[in-house]
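Sharing a structure below in structure tokens format, with a few things to ask.
Order of the sequence lines fixes the chain letters, A, B, ..., with proteins taken first and strands second; residue numbering starts at 1 for each chain.
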Amino acid sequence: MKEYQTITEISGPLVYAEVDEAIGYDEIVEIETAQGETLRGQVLESSDGVVAIQVFEGTSGIDQNASVRFLGETMKMPVTEDLLGRVLDGSGRPIDDGPEIVPEERQDIVGAAINPYSREYPEEFIETGVSAIDGMNTLVRGQKLPIFSSSGQPHSELAMQIARQASVPEEEEGDDEESSEFAVIFGAMGITQEEANEFMEDFERTGALERSVVFMNLADDPAVERTVTPRMVLTTAEYLAFEKDYHVLVILTDMTNYCEALREIGAAREEVPGRRGYPGYMYTDLAQLYERAGRIQGRDGSVTQIPILTMPGDDDTHPIPDLTGYITEGQIYVDPDLNSQGLQPPINVLPSLSRLMDDGIGEGLTREDHADVKDQMFAAYAEGEDLRDLVNIVGREALSELDNKYLDFADAFESEFVDQGFETNRTIEETLSIGWDLLSMLPKDALNRIDEEFIEEHYREDDSEREVVEVAD
Amino acid sequence: MSKAESTETTTTETGVIQSVSGPVVSARDLDARMNDVVYVGDEGLMGEVIEIEGDITTVQVYEETSGVAPGEPVENTGEPLSVDLGPGMLDAIYDGVQRPLDVLEGKMGSPYLDRGVDAPGIDLEEEWEFEPTVEVGDEVGRGDVVGVVEETVTIDHKVMVPPDALDEGETAEVTAIESGSFDVTETVAELSNGTDVSMHQEWPVREARPSANKKTPRTPLVSGQRILDGLFPIAKGGTAAIPGPFGSGKTVTQHQLAKYADADIIVYVGCGERGNEMTEVIEDFPELEDPANGNPLMARTSLIANTSNMPVAARESCIYTGITIAEYYRDMGYDVALMADSTSRWAEAMREISSRLEEMPGEEGYPAYLAARLAQFYERAGYFENVNGTEGSVSAIGAVSPPGGDFSEPVTQNTLRIVKTFWALDADLAERRHFPSINWNESYSLYKDQLDPWFEDEVADDWSEKRQWAVDVLDEETELQEIVQLVGKDALPDDQQLTLEVARYLREAYLQQNAFHPVDTYCPPEKTYLMLTTIETFNDEAFDALEAGVPVEEIIDTDSAPRINRIGVQEDYEEYVEDLKSEIKEELRSLY
């Protein structure tokens with residue numbers, strides 16, 4: 001292996017070096033500084049005689065005398081089932097003082113696209129135990145469903161609740177084909193040590209760590225490293241899911257930090273920027289991460305992704321949530337207003353969406369009335385929400401009896417259906433039963449989205465007059 | 001591109017890679033023309049020439065370029081990016097450069113898309129039963145049909161004289177032709193000018209196939225979606241855009257059109273969208289029935305899937321691959337509908353390539369030629385008189401994904417300047433689960449007037465009057481809602497409250513349609529019409545009652561009217577509507 005001491009330019013996270021052999025695009029590079037420190041990087045652009053290298057750990061300490069080695073291969077992740085229970089840094093090196101990891105395979109971290117012909121359509125319901133998700137925006141195995149949040153919101157608590165509750169092993173009875181085990185892979189990108197500790201403590205408290213792999217790139221770790229962390233995470237996830245038959249839940253937090261790192265590299269390379277300075281290829285780049293969720297025909301495992309992103313200024317038209325929303329199969333909104341009202345979890349179901357829901361619910365999957373109940377609750381809650389604006393102007397007395405019922409419904413929906421607490425685990429039966437309690441507050445003929453048969457079966461006549469504690473305006 | 005006849009691959013020149021940056025590779029000393037297809041690097045990755053400057057040729061590569069290094073060779077095929085045309089394109093699923101994904105899975109032996117593997121767009125070995133439609137001695141011109149093969153249960157594939165085999169107006173005599181089993185490369189007919197006609201043709205994707213004449217479209221593309229057929233119809237040979245923010249139902253609307261539109265052939269291009277969505281189509285369509293004849297839907301469908309994580313250059317080409325296949329079936333005299341989901345991803349692919357070329361950007365970083373490319377694409381749609389005298393159409397329906405749902409961005413605006421039907425999706429409607437969430441105030445169709453005669457002949461004489469009535473009520477509602485927001489509904493006079501009630505039925509029963517309900521998902525125009533007349537019956541009777549002094553609360557509180565909401569899910573709707581109309585009359589008249 002040839003060593004070069006030919007660095008010509010160092011700029012931000014980039015190093016340019018002259019070479020006299022052909023260097024492949026995306027190849028891995030090691031740079032040894034005069035102090036004997038070894039830094040790793042990747043070839044971003046390769047042309048005759050000159051290569052541009054992006055250095056993961058940052059370029060501080062590199063001078064023009066540093067030596068550059070090209071390893072002749074693209075970035076690989078050493079994978080093995082023994083990774084379960086381990087804590088790694090953002091580049092996949094163990095930081096938990098455990099034994100050395102002996103890889104079974106080394107896989108390219110830039111995953112090839114899954115052939116759509118080989119995919120299996122996800123339609124297997126995951127019971128997260130969270131009513132606002134299970135009832136209204138159901139998650140299925142192989143889906144990518146991000147949490148759209150903003151700074152200061154309890155999105156981490158929600159993610160942990162999902163990871164904890166969705167992992168409950170299937171009940172013994174029936175389905176033997178569900179023998180696949182569950183694993184959580186947690187990829188932290190640029191989160192603070194405190195947030196990381198919360199996750200770790202929760203993992204340790206619930207014993208989840210032993211079926212988890214944790215990748216930690218913290219806020220003070222190099223930003224450029226963040227661009228490889230999710231690829232390491234997903235390579236590990238694909239290995240466990242499609243070669244070792246695990247049902248893998250991947251939690252990536254925080255995607256906003258990942259995108260900031262992309263922008264930093266783009267700026268350093270003097271690329272023509274797209275919207276708000278983010279690179280024009282950010283859609284493609286994000287798609288290469290999110291599209292690695294799914295199921296494959298003939299394989300028992302699955303990769304389900306829950307990326308978390310904090311929307312700058314709580315604005316979902318910002319490029320990061322916007323591009324994410326166009327790639328992922330829905331989104332869950334964490335709402336600051338609901339949070340300040342003390343709802344746990346503060347999920348706003350109206351803008352939230354699960355695109356794969358319709359095929360994952362219904363007879364044999366959840367319950368035959370699920371779709372109708374969901375539609376009706378959405379419509380009724382939206383109606384109630386609209387009326388709240390009006391009430392502020394004209395007062396409750398000016399509204400009709402039916403409108404008042406819609407208002408009561410909206411209040412009860414938030415306090416009874418959504419606000420369940422981060423520790424409560426509800427079955428889908430419980431969730432739907434609460435749904436019918438609430439719908440029974442409305443007159444029967446207002447339930448125009450529900451099949452008459454289901455109304456007969458589930459509508460609670462005696463509850464229709466019940467008093468609901470009014471939430472103070 | 002795929003090379004059906006490998007013998008034709010004549011390498012004219014070989015160059016050497018000079019630099020690699022993502023999907024853009026530049027090569028030295030390559031003798032190539034613009035848009036020639038080249039094979040890049042030791043692995044032979046497919047690419048296309050997009051810029052020539054001095055002795056440097058720039059190539060966009062259709063596959064991942066990790067590990068490709070300067071010094072590796074670049075081979076030129078000397079041919080532009082082309083597709084293979086022939087029987088076998090229906091019931092197939094391709095990537096953006098017409099490689100069949102099922103064949104790739106077999107060849108790569110893995111569920112992941114590997115690099116450097118090529119496969120012809122149509123099966124070269126499969127044999128088809130060829131039935132001649134001309135005899136020895138007949139004179140044929142370019143594009144003329146010489147025979148048919150049964151491609152699928154639904155579609156007879158017509159074997160045509162290639163349009164470039166003869167000049168316009170020139171004819172040749174058929175010197176040999178016979179029926180029998182042939183594969184697509186074998187000659188099925190010989191012409192006196194020396195042309196051997198086989199079932200296989202190639203055509204460069206960036207060039208429109210020739211036609212004799214473009215005509216004004218006068219037949220609707222009936223979609224079975226009430227808001228589309230009823231308010232904003234598209235013609236066979238028309239163009240439409242569906243812009244909307246994420247989660248507003250673009251893809252579901254496109255799927256509904258692919259399933260229920262009364263075209264002969266559907267070409268569905270998934271351009272830079274989700275892998276699972278394409279899988280849904282692959283799994284669903286073979287099981288769904290074609291509403292026209294009960295055959296599997298796949299028998300009339302060709303799928304092109306370039307998911308968002310596939311190489312970006314192939315995304316740029318997938319739209320062209322799709323429209324070329326559509327034009328080929330149009331030449332046979334079929335009505336073809338092409339759905340492109342989404343054209344924004346296509347535009348972004350152009351932007352990405354353009355920025356790697358360091359071209360001077362236009363608006364929002366998009367290349368200055370964005371508007372021209374969009375116009376070129378939509379102009380390939382239309383109702384045509386083909387070169388062989390038949391008539392066929394290509395309807396193009398493009399989804400647009402504007403960032404942040406803002407319709408003022410360049411892709412939406414440039415698209416709107418070309419297309420004649422605009423179905424605006426609305427996040428607010430989607431949020432309250434009003435689907436399809438097409439905003440009736442913003443959407444429009446410029447085909448309405450030229451299509452009305454068809455609806456009046458085929459469905460009902462007063463089709464256009466009824467539509468206008470519905471539009472008027474909805475317009476009035478929009479105005480009234482502004483007042484309601486300020487003072488509440490009860491402050492309105494009785495007649496306006498009643499208008500709101502009628503508009504509510506229009507919105508909830510007529511405009512909403514449940515794509516996931518087995519009956520409601522497809523609504524024939526007759527049912528669309530009857531539903532509207534039912535609501536109008538309620539309107540007329542209710543206003544009569546109001547005039548006779550019945551309080552508006554009592555009218556709204558009737559038992560029969562809410563049943564309007566259930567018309568959509570009725571299979572025997574005619575009887576249901578008849579009963580309902582008389583019940584509404586009876587109940588409302590009993591009030592006074």
Checklist line | A:F148-A:H318 aromatic ring centre distance below 6.0 Å | finding: no
Check: Quick one: what part of B:R432 sits under 4.5 Å from any heavy atom of chain A, side chain, backbone, both or neither?
Finding: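 For B:R432, heavy atoms of backbone and side chain both lie under 4.5 Å from chain A.
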Checklist line | Contact winner vs chain B - A:V51, A:I393, A:I327, A:I296, heavy-atom pairs under 4.5 Å | finding: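 Greatest number of close heavy-atom pairs with chain B: A:I327.
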Note to self: Is B:L303 in contact with chain A via its backbone, its side chain, both, or neither, using a 4.5 Å heavy-atom distance?
What the structure shows: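 Neither part; nothing is under 4.5 Å.
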Next item on the list: Check each of A:E124, A:E120, A:E123 against A:R141 using the side chain to side chain donor-acceptor pair (under 3.5 Å) test, and report the only one that passes.
Entry: A:E124
Checklist line | Proximity breakdown for B:E105 and chain A, heavy-atom pairs closer than 4.5 Å | finding: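 For B:E105, heavy atoms of backbone and side chain both lie under 4.5 Å from chain A.
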Next item on the list: Examine whether an atom of B:P23 lies under 4.5 Å from a heavy atom of chain A, and if so say whether it belongs to the side chain, the backbone or both; otherwise answer neither.
Entry: neither
Next item on the list: Begin from the C-alpha positions of A:R449 and B:E508 and carry the test salt bridge (charged side-chain N to carboxylate O under 4.0 Å, His left out) through to its verdict.
Entry: CA-CA 10 Å; A:R449 310 222 181 176; B:E508 292 184 0; 5.5 Å; no
Checklist line | chain A contacts, top residue of B:R566, B:R315, B:E277, B:K489 (heavy-atom pairs, under 4.5 Å) | finding: B:R566
Check: Between A:E27, A:Q331, A:R119, A:E73, which residue shows the highest count of heavy-atom pairs closer than 4.5 Å to chain B?
Finding: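 Heavy-atom pair counts peak at A:R119.
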Next item on the list: Name the region of A:K374, side chain, backbone, both or neither, that has any atom closer than 4.5 Å to a heavy atom of chain B.
Entry: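 It is neither, since no heavy atom gets under 4.5 Å.
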Next item on the list: Taking the side chain as every heavy atom from C-beta outward, state whether A:Y25 and A:E45 have any pair of such atoms under 4.5 Å apart.
Entry: no
Next item on the list: Look at A:D48, A:D26, A:V349 and state which one has the largest set of heavy-atom pairs under 4.5 Å with chain B.
Entry: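 Top count of heavy-atom pairs under 4.5 Å with chain B: A:D48.
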Checklist line | Residue B:V487 versus chain A: region with a heavy atom under 4.5 Å | finding: backbone
Note to self: Just by distance, no angles: are the side chains of A:T235 and A:R292 close enough, under 3.5 Å, to form a donor-acceptor pair?
What the structure shows: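 There is such a pair between these side chains.
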Check: Quick one: what part of B:S66 sits under 4.5 Å from any heavy atom of chain A, side chain, backbone, both or neither?
Finding: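 For B:S66, backbone and side chain are both near chain A.
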Notebook entry, point to check: What distance separates A:Y381 OH from A:N348 CG, expressed to the nearest 0.5 Å?
Noted result: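 One finds 5.5 Å between OH of A:Y381 and CG of A:N348.
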Checklist line | B:S308 OG to B:M278 CE distance, which is reported to the nearest 0.5 Å | finding: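 Between atom OG of B:S308 and atom CE of B:M278 there are 11.5 Å.
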Next item on the list: Quick one: do A:D285 and A:R231 satisfy salt bridge (charged side-chain N to carboxylate O under 4.0 Å, His left out)? Show the steps, please.
Entry: CA-CA 11 Å; A:D285 192 280; A:R231 294 187 162 79; 3.4 Å; yes
Next item on the list: Name the option with the most non-hydrogen atom pairs under 4.5 Å to chain B; the candidates are A:T74, A:L356, A:D359, A:T328.
Entry: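 Ranked by heavy-atom pairs under 4.5 Å with chain B, first place is A:T328.
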Notebook entry, point to check: What part of B:L113 is in contact with chain A, defined as an atom under 4.5 angstrom from a non-hydrogen atom: side chain, backbone, both or neither?
Noted result: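 Contact with chain A: backbone and side chain both.
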Next item on the list: Against chain A, label B:I282 side chain, backbone, both or neither, depending on which of its atoms sit under 4.5 Å from a heavy atom there.
Entry: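 Only the side chain of B:I282 comes within 4.5 Å of chain A.
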Check: Pick from A:G325, A:G280, A:A52: which one has the most heavy-atom pairs with chain B under 4.5 Å?
Finding: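 Looking at each option in turn, the highest pair count goes to A:G325.
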Next item on the list: Identify which part of B:R28 has an atom lying under 4.5 Å from any heavy atom of chain A, answering side chain, backbone, both or neither.
Entry: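 The side chain, not the backbone.
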Item checked: Contact origin within B:E358 toward chain A - heavy atom pairs under 4.5 Å ->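 Neither part.
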Next item on the list: Ignoring hydrogens and angles, tell me if any N or O in the side chain of B:E72 forms a donor-acceptor pair with the backbone of B:A69 under 3.5 Å.
Entry: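 The answer is yes, because a donor-acceptor pair under 3.5 Å joins these two groups.
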Checklist line | Region of B:N565 in contact with chain A, defined by heavy-atom distances below 4.5 Å | finding: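 Side chain of B:N565 only, per the 4.5 Å heavy-atom cut-off to chain A.
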Next item on the list: Go through A:D445, A:D315, A:L289, A:D386 and name the one with the most non-hydrogen pairs under 4.5 angstrom from chain B.
Entry: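 Among A:D445, A:D315, A:L289, A:D386, the one with the most close pairs to chain B is A:D386.
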Next item on the list: Give, as side chain, backbone, both or neither, the part of A:Y283 having an atom under 4.5 angstrom from any heavy atom of chain B.
Entry: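 It is the side chain, since no backbone atom gets that close.
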Next item on the list: Identify which part of B:V68 has an atom lying under 4.5 Å from any heavy atom of chain A, answering side chain, backbone, both or neither.
Entry: backbone
Notebook entry, point to check: Measuring heavy-atom distances to chain B, does A:P321 have an atom under 4.5 Å in its side chain, in its backbone, in both, or in neither?
Noted result: backbone
Check: Within the distance-only criterion (no hydrogens, no angle test), does the side chain of A:S118 pair as donor or acceptor with the backbone N or O of A:I114 below 3.5 angstrom?
Finding: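 Answer holds: no.
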Notebook entry, point to check: So which part of B:E283 gets closer than 4.5 Å to some heavy atom of chain A, the side chain, the backbone, both or neither?
Noted result: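 For B:E283, the side chain is the part near chain A, not the backbone.
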Check: Within 45° of the ring axis of B:F246 and under 6.0 Å from its six-membered ring centre, is that where the NZ or CZ of A:R355 lies?
Finding: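 Ring-cation test returns no.
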Checklist line | Leading residue by heavy atom contact count with chain A [cutoff under 4.5 Å; candidates B:G275, B:G71, B:S344] | finding: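 Maximum pair count with chain A is reached by B:G275.
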Check: Distance only, no hydrogens: is a donor on one side chain within 3.5 Å (strictly under) of an acceptor on the other, for A:Q107 and A:E243?
Finding: yes
Check: Heavy-atom distance under 4.5 Å to chain A: side chain of B:P361, backbone, both or neither?
Finding: side chain
Check: Judged by modelled atom types alone, do A:D316 and A:Y333 share a side-chain donor-acceptor pair under 3.5 Å?
Finding: yes
Notebook entry, point to check: Between B:E352 and A:T284, does any side-chain donor sit less than 3.5 Å from a side-chain acceptor?
Noted result: yes
